[in-house]
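Just so it is clear, the values below take in all heavy atoms, side chains as well, and ignore hydrogens, waters and symmetry mates. Per chain, numbering begins at 1; letters A, B, ... match sequence-line order.
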Amino acid sequence: MASSTAAALRVAFPPLSAPAAAASSFSSSTTLRFPLHRAPRPLAVAAFKKLSEASPLPIPPEPTQPLVEEDALPPKPGVYGVYDAAGELQFVGISRNVRASLEGHRRKVPADLCASVKVAVADEETPDRTVLTNAWKSWMEEHIESTGKAPPGNVAGNYTWVSAPQRPPDLRLTPGRHVQLAVPLEQLIDRLVKENKVVAFIKGSRSAPQCGFSQRVVGILEAHGVDFVTVDVLDEEHNHGLRDTLKTYSNWPTFPQVFVGGELVGGCDIVSSMAEKGELSALFQK
Amino acid sequence: MGVTKEDVEAAITSALSPSHLVVTDTSGGCGASYEIEVVSEKFEGKRLLERHRMVNTALAPHMAEIHAVSIKKALTPAQAQPEPEPAADKPQA
């Protein structure tokens, strides 16, 4: 039954004090965000109270009012479920410090969504991530089995409780046009492509590419879960002269240009065709 | 119109003596945008990047007037061989 329930879930796994990891995995097409590939550890789950067994603790409506005492809501690792004023489960999360996470939620989330909380703390001081993940999974399954739906805050794309993944900003070659460069632009490019494993020189920013080819390249790289940086060749303030210098540096006439390990792989056509043939994944594993 | 399909074909033919060449004008008539498929022995042992460079070099004299060239395929005869046969009689899935 666990597998059929899991398949029906369309939920976002709450990041466990690791926003960077969450950001890099965001672009994958899966909507299930827990490690399915690991074998479940029933013993670990059994160590936690079930959702229905935990008793709700009230959360004062004003963030300045103190939470219940630490005995009931300890600063320890565990799983928690937050209920709204109407008694509907809004969000199930796991944390290394459930009390601190709760404090974070009540500052960020409207008070009527944070009326009470159920908590189950882990037996161990520093449980393995899998232990917490399994506890989260079993609370989610328990709730979905009884109500037929996931808590709204856990649905993929809902950023009420967890923050939206942050995309890394575009790299800039220079601080600005007013700054006299001490080294030639070519040398800056050289250093940039050698210091970063994967670099995409694109037209426009990573979050808003201004050319269809650049957009496609960004899309392909993100779909492959590649950790890459982007440089906007249209940014005249910070990357003035980059287009011409880069064309000479790489001996390649067009943009976008993708570099891996300091070497030009190609533009949109090459990257697309490598992606189709599955050659791209091999390249990034090196 | 600046560059014709025939100009592009002639430039690639003389540089790469391809065994298979398809040039498609995707500009809608103004001659500024082309899609190219090339199969040539000269691609043997070259990476895709170098193959594209060879095509670009061949077109260099025309590039000033061409706005966009998309190289769809740049294959060696050996690579091109197994592909077209099944693709021809099977409908696209």
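- Rounding to the nearest 0.5 angstrom, the gap separating the CG atom in B:Asn56 from the CG atom in A:Asn251 is 9.0 Å.
- Ranked by heavy-atom pairs shorter than 4.5 Å toward chain A, the options B:Lys73, B:Met63, B:Arg47, B:His52 are led by B:His52.
- Residue A:Glu276: no heavy atom, backbone or side chain, is found under 4.5 Å from chain B.
- When the shell of 6.0 Å around CG of A:Asp227 is examined, it contains 12 or fewer heavy atoms from other residues, nucleotides or ligands.
- The number of heavy atoms from other shown groups lying within 6.0 Å of CD (B:Glu50) is above 12.
- Between B:Ile71 and A:Asp269, the shortest heavy-atom distance links the atoms N-OD2, 2.8 Å.
- The number of heavy atoms from other shown groups lying within 6.0 Å of CZ (A:Phe228) is above 12.
- With values rounded to the nearest 0.5 angstrom, A:Glu263 atom CD is found 9.0 Å from B:Leu49 atom CG.
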